[in-house]
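First comes the structure, then the notes that go with it.
Keep in mind the model is a prediction, meaning the values are calculated, not measured. Quick note: residue numbers are just sequence positions, from 1.
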Amino acid sequence: LIPGESVRLGAFADTACVWYPDVDLSCTLCDSPIASPLETTVYYAYVINSLGCSSTNTVIVEVIPTLYIPSSFSPNNDGLNDIFKPVFSGFEKMSLSIFDRWGEEIYSNNNIEAGWNGTFKGEAVKSGYYIYKVIGTDNRHKVVEKTGTFLLLK
């Protein structure tokens with residue numbers, strides 16, 4: 001799944017079915033609950049039939065991390081799109097570096113929630129293209145690196 005999506009799980013039990021863990025499930029005592037996990041989760045279905053036989057089955061719902069890098073932003077203090085920041089889900093660590101067109105690093109931060117406000121040494125930078133470099137570690141412990149350009153508009 002992509003974070004924020006849901007999937008219907010299924011088990012057949014003519015007497016009883018119990019799902020666990022109960023994390024992000026629509027119900028735990030039904031045959032087909034809807035799972036909406038924020039991270040990869042292993043669900044177990046414990047089922048009993050009318051003859052008293054029981055079984056436990058497993059379903060792994062894998063949540064695939066997502067990363068979107070904006071193509072532009074406008075730091076003009078109007079409260080809209082004033083910060084250049086990756087939009088992501090399923091990442092544990094992330095760093096963002098911004099470079100000018102000559103390759104000078106003008107911003108760097110390891111705070112997963114931080115973004116760039118379009119300034120360098122306290123001064124607003126000029127409109128134009130800038131280079132970003134994002135390095136993140138997703139919830140599967142995979143390192144993801146993206147580099148590209150974006151437009152700063154005023």
Closest heavy-atom pair and its distance - [X], [Y]:
X	Y	answer
Cys17	Ala45	SG-CB, 4.5 Å
Ser127	Leu153	OG-C, 4.0 Å
Ala35	Tyr43	CB-CE1, 3.9 Å
Phe120	Glu104	CZ-OE2, 3.5 Å

Residues Lys85 and Glu113 bridged, charged N to O under 4.0 Å: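 A salt bridge is present here (some side-chain N lies under 4.0 Å from a carboxylate O).
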Is a donor on one side and an acceptor on the other found under 3.5 Å between the side chain of [X] and the backbone of [Y]?
X	Y	answer
Trp19	Leu25	no
Lys154	Val125	yes
Ser95	Asn110	no
Arg8	Ser32	yes
Asp22	Thr28	no

Any residue meeting ring pair (Phe, Tyr, Trp, His ring centres under 6.0 Å) with Phe73, in chain and number order, not counting sequence neighbours: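 Counting only residues at least two positions away or on another chain, Phe73 forms a ring pair (Phe, Tyr, Trp, His ring centres under 6.0 Å) with Phe84, Trp116, Phe150.
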Distance-only polar pair, side chains of Asn109 and Tyr107, donor-acceptor under 3.5 Å: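 Present: a donor and an acceptor within the cut-off.
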Side chains of Ser36 and Asp24, donor plus acceptor under 3.5 Å: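 No, no side-chain donor-acceptor pair sits under 3.5 Å.
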Neighbour count >12 (heavy atoms, 6.0 Å) for atom CD, Glu123: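 No, the 6.0 Å shell around CD holds no more than 12 heavy atoms from other groups.
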Crowding at OH, Tyr129 (>12 non-hydrogen neighbours, <6.0 Å):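 Atom OH in Tyr129 is not packed in, count stays at 12 or less.
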Separation between [atom1] of [X] and [atom2] of [Y], rounded to the nearest 0.5 Å:
X	Y	atom1	atom2	value
Glu5	Ile64	CD	CD1	9.0 Å
Leu96	Ser108	CG	OG	7.5 Å
Ile98	Glu105	CD1	CD	9.0 Å

Any side-chain heavy-atom pair of Thr40 and Leu1 under 4.5 Å: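 Of all side-chain heavy-atom pairs linking Leu1 with Thr40, none is under 4.5 Å.
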Residue pairs fulfilling side-chain hydrogen bond (donor to acceptor under 3.5 Å, both in side chains) with at least one residue in residues 54-80, sequence neighbours excluded: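 Applying side-chain hydrogen bond (donor to acceptor under 3.5 Å, both in side chains) to every pair that reaches into residues 54-80, excluding sequence neighbours, yields Glu62-Arg140.
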Side chain to side chain donor-acceptor pair (under 3.5 Å) between Asp14 and Ser50, intermediate numbers included: CA-CA 6 Å; Asp14 62 0; Ser50 59; 3.2 Å; yes
Working for side chain to side chain contact (heavy atoms under 4.5 Å, CB included), residues Phe12 and Asn49: CA-CA 9 Å; Phe12 176 75; Asn49 69 12; over 6 Å; no
